[in-house]
S.K.: 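First the structure, then my questions, so here it is.
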Amino acid sequence: MLQLLLVDDERSVVEALAETIPWDKCGIGTVHEALSGAMALDILENHPIDIVITDIRMPGMSGMELISAIRSRWPLVNTILLSGHADFEYAQQALVQGSFDYLLKPVSDEDLIHSVTRLVERIKTKWEQAASYQKALYTFRENKPLLRSTMLNELLTGRTYSEEALADKLKLLELPFTAGDELGMLVIRMEEHLSEMAQRELALMEYAICNIVNEVMQKQFHIWHTRDAHDYIVILAVSRQSPLSSGRGDQNKTLLEQYAAQIQSNVQLYLKGAISILVGNRGLFPYQVREIYEHSVMSMRKRMGQGQGLFASASDEPDTKPIHSIRSLYEPPTLLSLLEAGRFEDVERKIRQIFEELLESAGEQAVAEHLIEAYHVLAGAFAYIIHKNGKQLSAVLPEDSYRYFESPGFSTVQQLLDWSIRVLHCIREDSEQDLKDNHSTIVRSVKSFIDRNLAGDVSLPAIADEVHLHPVYLSKVYKAETGEALTAYAYRIRMEKAAFYLRTSTAKVFEIAELVGYNNTAYFIRVFKKYYDVTPQEYRDRLPV
């Protein structure tokens, strides 16, 4: 929702408008108040204001001068002018300068609501047009290399697409790859001074290396590259000759190895740096991308270690069948990232996915090994998030669940799954209680501030400054916790306090107006009548003797 700024040198005018207009129904989320042009400029400096409603005649900086300053410094901010009958010519001048509307004072609620609503609709239409297809297409083209890199990283870490979705995305990104293509992979590790560069220089070096790759391989292969989480450059290569003829796969493998050696030599010659290259196994796109990648990274670690400027082919390794880790334990989004984001339903789904994969493990020995692996990952993630929330495990978990951290007592997959879900539910309940307590504290602070400052400034920005929260966030928290808008609460308390003074004291109406924060008695009478449907004097006259 939009943010609006009311500007008038009469506090009562500003506060009456802020409190009595149903701004949320007009599309306004936050209302700021300023008693001078200088104060208005200060608010504009610190808040993303969309609409300014200002009086023309103000001491110091006039409304006309304020509009001129706004147009010069914040051309996207829209203005509405409030003027007396004698200011009509000035109002016309303001319209020429770009103000959306002018309204004659005293302005009626209906006229103001109508004007603001029309302006809000115009702003929305303008931004919708700004997000038009042409501008979106331009932005897409500017970011296409990043989008390509992101998609390849997703495939490397196990992201899957339906055939239709994959084809659509490949077409959108203008990638000449098709499901079922035979692919090759190169994994490049930068060595020596290349790997020690700052991130910006590292990105430039990646760009330069990929240019060399393209120059060497583009006649024979379609190329798709990214930089992975290990800072390796991963290259997917699909032959331009399609469909593949008999024996073509072996030729492509040999060609890739020759090209890899040439790339390594060119980087050394032209970029004055060493790289290690591993030629991965062949496979089908996209079904075996992740498998080939993981095998290549493992080969890089096992066969190259910390060696500098090496060259190897993953297909030269002996065919072994080791016990594999549980993929879903580590693939993004990880348990830690989901817990930190408070996405508890997604955490539970991921835990169940982990145990489904665990149950598919072949052999009793594999299941036992995987149970140990899963327990330590889960226990570590749970302990991390509880400690990060500033609490001890024993303060969040019941004794039977806490015991598992001291002495794991599971013997079956189901027992570990049940324990994991119980612990997750305890963490979620504790987090939700913390949030509820925090919101309750905010509400108490707000009500206390309003009660102490009823005769002064109890606008939303003033309250937000007191509790050190953004006005929009504060407004949403208060509404969610109490079911009542914060500005409506302040207005209601002022009216109820005024009625209390009318019932229990002999103070005059203008004195009561000042006690509840209205310096202009006429405006106080107006807002009181709007709330109680009678004037303050009528309210007092109707009291039983």
Side-chain angles (χ1 to χ4, degrees), residues 4 6-25 28 30-36 39 53 55 82 105-110 112-113 440-467 471 474-475 477-479 481-545:
L4 179 141
L6 296 170
V7 189
D8 198 301
D9 58 311
E10 292 187 60
R11 179 185 291 274
S12 58
V13 174
V14 170
E15 292 184 344
L17 290 176
E19 292 173 351
T20 60
I21 302 297
W23 295 111
D24 55 337
K25 294 181 181 178
I28 303 298
T30 304
V31 177
H32 301 265
E33 302 170 22
L35 302 180
S36 67
M39 186 184 297
I53 299 176
D55 188 21
L82 301 180
K105 296 174 66 175
V107 61
S108 69
D109 291 354
E110 293 75 15
L112 185 57
I113 290 170
S440 297
T441 301
I442 291 171
V443 170
R444 286 196 299 271
S445 298
V446 166
K447 290 183 175 180
S448 174
F449 176 80
I450 291 174
D451 186 60
R452 296 193 315 269
N453 296 275
L454 203 58
D457 184 5
V458 290
S459 63
L460 177 58
I463 300 171
D465 286 342
E466 171 68 17
V467 297
L474 173 60
S475 180
V477 167
Y478 190 90
K479 181 71 177 287
E481 193 71 13
T482 66
E484 182 179 26
L486 180 48
T487 52
Y489 172 77
Y491 175 42
R492 176 169 63 83
I493 292 300
R494 276 177 157 169
M495 294 299 98
E496 290 177 356
K497 184 68 77 171
F500 172 77
Y501 288 137
L502 288 168
R503 292 195 307 268
T504 61
S505 75
T506 58
K508 298 183 182 302
V509 171
F510 78 87
E511 293 173 329
I512 294 174
E514 292 179 355
L515 287 172
V516 295
Y518 293 96
N519 295 324
N520 187 301
T521 306
Y523 271 100
F524 167 66
I525 293 172
R526 177 186 171 195
V527 296
F528 187 93
K529 184 174 183 180
K530 184 167 185 173
Y531 190 85
Y532 284 106
D533 206 29
V534 292
T535 66
Q537 191 59 51
E538 289 170 343
Y539 182 89
R540 175 174 271 171
D541 292 342
R542 292 181 183 183
L543 294 173
V545 178

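Just so it is clear, the structure is predicted and the values come from calculations on it, not from any experiment.
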S.K.: With salt bridge (charged side-chain N to carboxylate O under 4.0 Å, His left out) as the rule and sequence neighbours excluded, what pairs involving residues 515-525 come up?
M.R.: none
S.K.: Mind jotting down which residue pairs meet the side chain to side chain donor-acceptor pair (under 3.5 Å) criterion with at least one end in residues 498-512? Sequence neighbours excluded, please.
M.R.: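 Applying side chain to side chain donor-acceptor pair (under 3.5 Å) to every pair that reaches into residues 498-512, excluding sequence neighbours, yields Arg503-Tyr539.
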S.K.: Do you know the tightest heavy-atom contact between Ile525 and Pro536?
M.R.: CG2-CD, 3.9 Å
S.K.: Could you work out, with ring-ring contact (aromatic ring centres under 6.0 Å, His included) as the rule, every residue matching Phe524, not counting sequence neighbours?
M.R.: Tyr518, Phe528
S.K.: Test of understanding: with side-chain contact (heavy atoms from CB on, under 4.5 Å), list the residues that count as partners of Asp24, not counting sequence neighbours.
M.R.: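 For Asp24 the side-chain contact (heavy atoms from CB on, under 4.5 Å) partners, ignoring immediate neighbours, are Met1, Pro22.
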S.K.: Give a yes or no on whether the backbone of Thr441 and the side-chain of Ser445 come within a donor-acceptor separation of less than 3.5 Å.
M.R.: yes
S.K.: Quick check: closest heavy atoms across Ser36 and Val7, and the distance to 0.1 Å?
M.R.: O-CG1, 3.8 Å
S.K.: The test is side-chain contact (heavy atoms from CB on, under 4.5 Å); show your working for Leu486 and Ile450 and say whether it passes.
M.R.: CA-CA 10 Å; Leu486 180 48; Ile450 291 174; 4.1 Å; yes
S.K.: Rounded at 0.5 Å granularity, tell me how far CD in Glu10 sits from CG in Leu35.
M.R.: 10.5 Å
S.K.: Show your working on side-chain contact (heavy atoms from CB on, under 4.5 Å) between Lys497 and Leu515 and close with a plain yes or no.
M.R.: CA-CA 9 Å; Lys497 184 68 77 171; Leu515 287 172; over 6 Å; no
S.K.: Answer yes or no: is there a side-chain heavy-atom contact under 4.5 Å between Tyr532 and Glu538?
M.R.: no
S.K.: I'd like to check the side-chain contact (heavy atoms from CB on, under 4.5 Å) partners of Thr20; sequence neighbours left out, ordered by chain and number.
M.R.: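 Thr20 satisfies side-chain contact (heavy atoms from CB on, under 4.5 Å) with Asp109, Tyr491, Val527, Lys530 only.
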S.K.: What do you reckon, is CG of Asp533 surrounded by more than 12 foreign heavy atoms closer than 6.0 Å?
M.R.: no
S.K.: Go through the steps to decide whether Asp451 and Lys447 satisfy the test side-chain contact (heavy atoms from CB on, under 4.5 Å), and finish with yes or no.
M.R.: CA-CA 6 Å; Asp451 186 60; Lys447 290 183 175 180; over 6 Å; no
S.K.: Would you name the heavy atoms of Ala18 and Leu6 that are closest together and state the gap between them?
M.R.: N-CD1, 3.7 Å
S.K.: List the atom of Arg494, the atom of Val516, and the distance in Å for their closest heavy-atom pair.
M.R.: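 Nearest pair, atom of Arg494 first, then Val516: NE-O, 2.8 Å.
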S.K.: Please identify each residue that fulfils salt bridge (charged side-chain N to carboxylate O under 4.0 Å, His left out) with Glu33, with sequence neighbours left out.
M.R.: none
S.K.: For Glu484, which residues count as a side-chain hydrogen bond (donor to acceptor under 3.5 Å, both in side chains) partner, sequence neighbours excluded?
M.R.: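 Glu484 satisfies side-chain hydrogen bond (donor to acceptor under 3.5 Å, both in side chains) with Arg492 once adjacent residues are dropped.
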S.K.: Got a sec, which residues hit salt bridge (charged side-chain N to carboxylate O under 4.0 Å, His left out) with Arg11, two or more places apart in sequence or on another chain?
M.R.: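 Partners of Arg11 by the salt bridge (charged side-chain N to carboxylate O under 4.0 Å, His left out) criterion, ordered by chain and then number, come out as Glu15.
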S.K.: Would you name the heavy atoms of Ile28 and Thr30 that are closest together and state the gap between them?
M.R.: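 Closest approach of Ile28 to Thr30: CG2-O, 3.5 Å.
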S.K.: Test of understanding: with side-chain contact (heavy atoms from CB on, under 4.5 Å), list the residues that count as partners of Asn453, not counting sequence neighbours.
M.R.: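 Asn453: side-chain contact (heavy atoms from CB on, under 4.5 Å) contacts with Phe449, Val458.
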S.K.: Residues two or more places apart in sequence or in another chain: which of them pass side-chain contact (heavy atoms from CB on, under 4.5 Å) with Ser448?
M.R.: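 Arg452.
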S.K.: May I ask you to test the Leu112-Ile53 pair for a side-chain heavy-atom distance under 4.5 Å?
M.R.: yes
S.K.: Once ring-ring contact (aromatic ring centres under 6.0 Å, His included) is applied, do any residues pair with Tyr523, and if so which ones, sequence neighbours excluded?
M.R.: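 Testing Tyr523 for ring-ring contact (aromatic ring centres under 6.0 Å, His included), a comparison that skips the adjacent residues, returns none.
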S.K.: Do you know which two heavy atoms are closest between Arg540 and Leu502, and how far apart they sit?
M.R.: NE-O, 3.3 Å
S.K.: To the nearest 0.5 angstrom, please state how far the CG atom of Leu17 sits from the CG atom of Leu82.
M.R.: 7.0 Å
S.K.: Going through the checks in order, is the side-chain contact (heavy atoms from CB on, under 4.5 Å) test met by Val446 and Leu474?
M.R.: CA-CA 9 Å; Val446 166; Leu474 173 60; 3.9 Å; yes
S.K.: What residues form a side-chain hydrogen bond (donor to acceptor under 3.5 Å, both in side chains) with Ser440, not counting sequence neighbours?
M.R.: Glu481
